[in-house]
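Some notes on the structure that comes next.
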Number of protein chains: 2
Amino acid sequence: MGGTHVLDGHPRAESIRIRERLTGHVETKVLALAGLIAHGRGEAFDYILGEETTLSAMGAITAAAATMLLAERPVLSVNGNVAALCAKDLVELARATGARLEVNLFHRLPGREEAIERVLREAGAEEVLGVGKAASARIEEVYSDRRRVDPRGILVADVVFVPLEDGDRTQGLVRMGKRVITVDLNPLSRTAQAATITIVDNIVRAMPLLVSEARRLRASERDELERAVSAYDNRAALSAAIRTMESRLHELADRGAPVRLR
Amino acid sequence: MGGTHVLDGHPRAESIRIRERLTGHVETKVLALAGLIAHGRGEAFDYILGEETTLSAMGAITAAAATMLLAERPVLSVNGNVAALCAKDLVELARATGARLEVNLFHRLPGREEAIERVLREAGAEEVLGVGKAASARIEEVYSDRRRVDPRGILVADVVFVPLEDGDRTQGLVRMGKRVITVDLNPLSRTAQAATITIVDNIVRAMPLLVSEARRLRASERDELERAVSAYDNRAALSAAIRTMESRLHELADRGAPVRLR
């Protein structure tokens, strides 16, 4: 897991290092193979987006931090990709917002939730919900193994953070009346469209920003946080992300046309 | 490998079936884990492209078939993803154009080339170059294990078909003076930019079309084929692909904006 085969000078070094971290986590069982394909989709959207946090994504991050701080029972839902990419940030976000961590998987293969719990505990988590028999409640709004939730966590949460999530799940949680925050590089996905707040950004860039926003806003008054939330418009943020991708493609096409590589 | 968990009615059934075929081939050693991430990137670009063969991709397919038919020593280079997705089409294309099949991998892990050879032979291939000691030649223009080639195949080829390929490899082969044909869903990739002919399409759609074009053109006169090749402009085809993606994003943004999922 530790070693890398990429030189720092390589133009895609960071991206390749992240890939190696993910493929290494297939062996630890944290990641399902389908998680690698999903990561590839994210890579392509990030490339088109310009591989940086946009101004409108930053607005979503601020609204998300405020929403978590206002919540009575916020929960951070953790799947394999998220655990592999940013376990430390998740633990820090849980601390900064008072949220609980819950493992919630599409494929509950033997040993997988325990492997994810291990990664979270190694990153400093003191409590991890949703593992094994703890996921004893069922939510009828969601299909697949994801319907199994912890009665202390997602079941009773008012705000759920479900980064890198699928559409069914997000829609199910919204139907249950929960406020749902997601991170998704595809602004056109059902998750992006259904969530209350969609952060269209690479989770590796967004998580540290989310943690620092939560810390910054922690001292704020309640009505200040409420204003930050009500000023945010998810539909507008999604449109801004799509427009950024459109104009980036335009720019890349202009730049790409005269390229001579021979 | 055989079973599928997807109902035909699912809007993404075909896409999910292809994913299952690929993840199944990790176990058979045909696919490297990095190949799953690459597939995800392709999925995202295909989604933006509209998941259908464009008119300009069809032009590239015709030029590619004519180029292979005109070649003296055409070779089809096969990696894990290509073998997993379209072994039968490769065998038919080799037959239709008189090309030889050669396994050429970035990661030559023990047993992998043999696994790919097996898939090709099961699909009807009578000869598979580049496996084991047969890859005895080295081309200095290419780094990684891919520099190891078969002296009967890629080394002496005038036309090389390298679908789903990385940039270094494509550029190396072009520098050697070979005509290089590729299939790549990202029109901005180094491979797409460096190749002589770039088919910007999903390989699962492009391969059967390439086979039928090769069969259709097989009866043509040499000068007719030459006209088809010289009429083709790869730079224009790449621009057309980028413009298609741009306008698709525009259309999706328009259609996406009023979506109500709750």
Side-chain angles (χ1 to χ4, degrees), chain A residues 15-16 18-20 22-24 26-27 31-48 167 170-171 174-175 185-195 235-236 238-250 252-262, chain B residues 15-16 18-20 22-24 26-27 31-48 167 170-171 174-175 185-195 235-236 238-250 252-262:
Chain A
S15 167
I16 294 169
I18 288 172
R19 277 180 215 162
E20 286 179 350
L22 288 171
T23 53
V26 169
E27 219 173 308
L31 220 77
L33 291 179
L36 292 178
I37 300 179
H39 181 73
R41 286 195 296 277
E43 276 189 357
F45 281 109
D46 199 19
Y47 176 74
I48 297 175
T170 309
Q171 287 175 268
V174 168
R175 268 197 301 271
L185 274 160
N186 177 3
L188 303 155
S189 74
R190 280 194 302 148
T191 296
Q193 301 272 327
R235 192 56 63 198
L238 292 175
S239 296
I242 298 167
R243 274 197 304 272
T244 301
M245 292 172 65
E246 236 186 285
S247 64
R248 270 272 304 173
L249 270 181
H250 196 81
L252 287 168
D254 281 353
R255 225 202 296 162
V259 165
R260 298 246 180 284
L261 291 159
R262 276 167 235 188
Chain B
S15 167
I16 294 170
I18 288 173
R19 276 180 215 162
E20 287 179 350
L22 286 171
T23 55
V26 169
E27 218 173 309
L31 219 76
L33 291 179
L36 292 178
I37 300 179
H39 180 74
R41 285 195 296 278
E43 275 189 357
F45 281 108
D46 200 20
Y47 176 74
I48 297 174
T170 308
Q171 287 174 268
V174 168
R175 269 198 301 272
L185 275 160
N186 177 2
L188 303 155
S189 74
R190 281 193 302 148
T191 296
Q193 300 273 328
R235 192 57 62 198
L238 292 176
S239 296
I242 298 166
R243 275 198 303 272
T244 301
M245 291 172 65
E246 236 186 283
S247 66
R248 270 272 303 172
L249 270 181
H250 196 81
L252 287 168
D254 281 355
R255 226 202 297 163
V259 166
R260 298 244 180 284
L261 291 158
R262 279 165 231 190

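First the proteins, then the strands, lettered A, B, ... as listed; each starts at 1. None of these values were measured; they are calculated from a predicted model.
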With a 4.5 Å heavy-atom cut-off, do A/H39 and B/L36 have their side chains touching?
no

In this structure, CD of B/E246 is separated from CD of A/E246 (nearest 0.5 Å) by 7.0 Å

Go through the steps to decide whether B/V26 and A/V26 satisfy the test side-chain contact (heavy atoms from CB on, under 4.5 Å), and finish with yes or no. CA-CA 11 Å; B/V26 169; A/V26 169; over 6 Å; no

To the nearest 0.5 Å, atom CD1 of B/I37 lies from atom CD of A/E20 at 9.5 Å

So do the side chains of A/I48 and B/L188 get within less than 4.5 Å of each other, counting heavy atoms only?
no

With sequence neighbours left out, the residues meeting side-chain contact (heavy atoms from CB on, under 4.5 Å) with B/A241 are B/P187, B/V200

side-chain contact (heavy atoms from CB on, under 4.5 Å) filter on B/A240, not counting sequence neighbours, yields B/S56, B/R243

The reported gap from CG in A/L249 to NE2 in B/H250 (rounded to nearest 0.5 angstrom) is 13.0 Å

Residue pair A/F45, B/Y47: steps toward the side-chain contact (heavy atoms from CB on, under 4.5 Å) verdict: CA-CA 11 Å; A/F45 281 109; B/Y47 176 74; 4.0 Å; yes

Fill in: Any side-chain heavy-atom pair of B/L33 and A/L22 under 4.5 Å
no

